[in-house]
Amino acid sequence: MTTSSSNLKQNIGLEEWEGKMAEVPIAKSDLNQLIMNYLIIEGYKDAAEKFSEESGLHSSVDLGSIDERMQIRVAVQNGDIKTAIERVNDLNPDLLDTDPRLYFHLQQQHLIELIRQGKAEEALEFAQDELAPHGEEHPELLRELEKTMALLAFDASTRSPLAELLDFAHRQKTANELNAALLAAHSQPREPKLPALLQLLAWTQEQLDEKASYPRINNIVNPVLEEQTPQSGAKETTASSSRT
């Protein structure tokens, strides 16, 4: 009875793994661009300016514009939707006119804030005057409006099955959507590249785990290569013997 080669796993040590990684050419300028991309999109203006000075990397983006974008995001995170909309109109008057879904979500968030404050009558009036017309023009948004209005059916909104709408996470979701739209309007990427690369790293390691035991990164916050303990009963072969 022969052993299937698919059951064999290479065992790659730390020294050999680091040697293979050292053979991969990575330009420092590419790493700098990756870092700057993250700092700009996430709104770390001071860090972006300092990094620009230290790395000698000059961004095509006006770093001063980050402040305006972050003021808008903070306003949404604080539940001050009217201020956020005013600032958006000052910065980019056409944005909300050309993106009805985004404008609806901002108005929806304002409705949520009214409900949170217990202003039921004002919430009903606002929904009828401002949100219902959007639902007529865009029927796919009606379901979201109905879910939001359902919060009014509960005396204590935190006991509502839709209480997640009152969580800070929902404000953050709306703020992120608006931030992405502002970036796109200025021909900038909507999302930073770094999180996507980290997701790719996690996926790649999962795929490689099926074929080899190797030093892997187990903690993204503290990215140290850690040698793996071979699984019990697993048939292994060293990297060197597999090449013979």
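- Counting non-hydrogen atoms of neighbouring residues, nucleotides and ligands closer than 6.0 angstrom, the CD atom of Glu140 exceeds 12 such neighbours.
- Put simply, the side chain of Glu42 reaches to within 4.5 Å of the side chain of Pro192, judged on heavy atoms.
- With hydrogens and angles disregarded, a donor-acceptor distance shorter than 3.5 Å links the side chain of Gln205 to the backbone of Ile217.
- Scanning both residues, Leu165 and Lys147, for their nearest heavy atoms gives CD1-O, 3.9 Å.
- Between Met36 and Phe51, some side-chain heavy-atom pair lies under the 4.5 Å cut-off.
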List the steps, then state whether side-chain contact (heavy atoms from CB on, under 4.5 Å) holds for Leu91 with Val88. CA-CA 5 Å; Leu91 184 63; Val88 169; 5.8 Å; no

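- The pair Arg171-Glu113 counts as a salt bridge, with a side-chain nitrogen and a carboxylate oxygen less than 4.0 angstrom apart.
- Residues Val76 and Leu106 meet the side-chain proximity criterion, which asks for heavy atoms closer than 4.5 Å.
- Contact between Thr148 and Glu144 at its shortest, heavy atoms only, is OG1-O, 3.0 Å.
- From Ile112, atom CD1 reaches atom CD of Gln107 across 12.0 Å, with rounding to the nearest 0.5 Å.
- Using modelled atom types, no side-chain atom of Asp167 and backbone atom of Ala169 make a donor-acceptor pair closer than 3.5 Å.
- When the shell of 6.0 Å around CD of Glu227 is examined, it contains more than 12 heavy atoms from other residues, nucleotides or ligands.
- A donor-acceptor pair under 3.5 Å is formed between the side chain of Thr204 and the backbone N or O of Leu200.
- Within a 6.0 Å radius of CD in Glu146, other residues, nucleotides and ligands contribute more than 12 heavy atoms.
- Interatomic distance, Glu210 CD to Lys9 NZ, rounded to the nearest 0.5 Å: 8.5 Å.
- Atom NZ of residue Lys193 and atom CD1 of residue Ile35 lie 13.0 Å apart, to the nearest 0.5 angstrom.
- When hydrophobic clusters are built by joining Ile, Leu, Val, Met, Phe, Trp and Tyr residues whose side-chain heavy atoms come closer than 4.5 Å, directly or via intermediates, Leu131 is grouped together with Leu114.
- Using modelled atom types and a 3.5 Å distance limit, the side chains of Asn176 and Gln172 yield a donor-acceptor pair.
- Counting heavy atoms from C-beta on, the side chains of Met70 and Asp67 never come closer than 4.5 Å.
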Before you tell me yes or no, could you show the steps for His105 and Glu177 under side-chain hydrogen bond (donor to acceptor under 3.5 Å, both in side chains), namely the whole-Å CA-CA distance, both residues' side-chain angles and the distance that decides it to 0.1 Å? CA-CA 9 Å; His105 286 157; Glu177 181 183 0; 2.8 Å; yes

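- Taken together through direct or relayed side-chain contacts under 4.5 Å among Ile, Leu, Val, Met, Phe, Trp and Tyr, Val224 and Tyr214 form parts of separate hydrophobic clusters.
- Both Ile115 and Leu141 belong to a single network of hydrophobic side chains, linked directly or stepwise wherever heavy atoms of I, L, V, M, F, W or Y lie under 4.5 Å apart.
- Counting only heavy atoms from C-beta outward, the side chains of Lys82 and Arg87 never approach each other to under 4.5 Å.
- Between Gln10 and Ser213, every side-chain heavy-atom pair lies at or beyond the 4.5 Å cut-off.
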Would you sort out whether Leu201 and Leu197 count as a side-chain contact (heavy atoms from CB on, under 4.5 Å), showing the intermediate values? CA-CA 6 Å; Leu201 169 64; Leu197 288 176; over 6 Å; no

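- The aromatic rings of His110 and Phe126 lie perpendicular to each other, with more than 60° between the two planes, well past the 30° mark.
- In this structure, His134 has its ring center under 6.0 Å from that of Tyr103.
- For the pair Leu182/Arg73, no side-chain contact is recorded, criterion being any heavy-atom separation below 4.5 Å from C-beta on.
- Counting heavy atoms of neighbouring residues, nucleotides and ligands inside a 6.0 Å radius, atom CD of Gln207 exceeds 12 of them.
- Judged by distance alone, the side chain of Asn92 and the main-chain N or O of Leu95 form a donor-acceptor pair under 3.5 Å.
- Checked for salt-bridge contact, Arg216 and Asp209 meet the test: a charged N lies under 4.0 Å from a carboxylate O.
- Considering Gln109, Gln77, Gln108 as possible partners of Thr174, the one that fulfils the side-chain hydrogen bond (donor to acceptor under 3.5 Å, both in side chains) test is Gln109.
- Looking at Leu39, Ile40, Ile41 one by one, the single match for side-chain contact (heavy atoms from CB on, under 4.5 Å) with Asn37 turns out to be Ile41.
- Cluster annotation: Leu166 and Met149 are assigned to the same hydrophobic cluster (Ile/Leu/Val/Met/Phe/Trp/Tyr, side-chain heavy-atom contacts under 4.5 Å, transitive).
- With hydrogens and angles ignored, the 3.5 Å screen pairs a side-chain donor or acceptor of Trp17 with a backbone N or O of Pro215.
- Counting all heavy atoms, side chain and backbone alike, Val221 lies closest to Asn219 at N-OD1, 3.0 Å.
- Here the side chain of Ser65 pairs a donor or acceptor atom with the backbone of Asp62 at under 3.5 angstrom.
- Summarising the local packing, CD of Glu191 is surrounded by 12 or fewer heavy atoms from other residues, nucleotides or ligands at distances under 6.0 Å.
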Hey, mind stepping through Ile72 and Val74 against side-chain contact (heavy atoms from CB on, under 4.5 Å) and telling me if it holds? CA-CA 5 Å; Ile72 292 171; Val74 169; over 6 Å; no

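- A continuous path of ILVMFWY side-chain contacts below 4.5 Å connects Leu151 to Phe104, so both sit in one hydrophobic cluster.
- Asn78 places none of its side-chain heavy atoms less than 4.5 Å from the side chain of Thr83.
- The two residues Ala123 and Leu111 make their nearest non-hydrogen contact at O-CD1, 3.3 Å.
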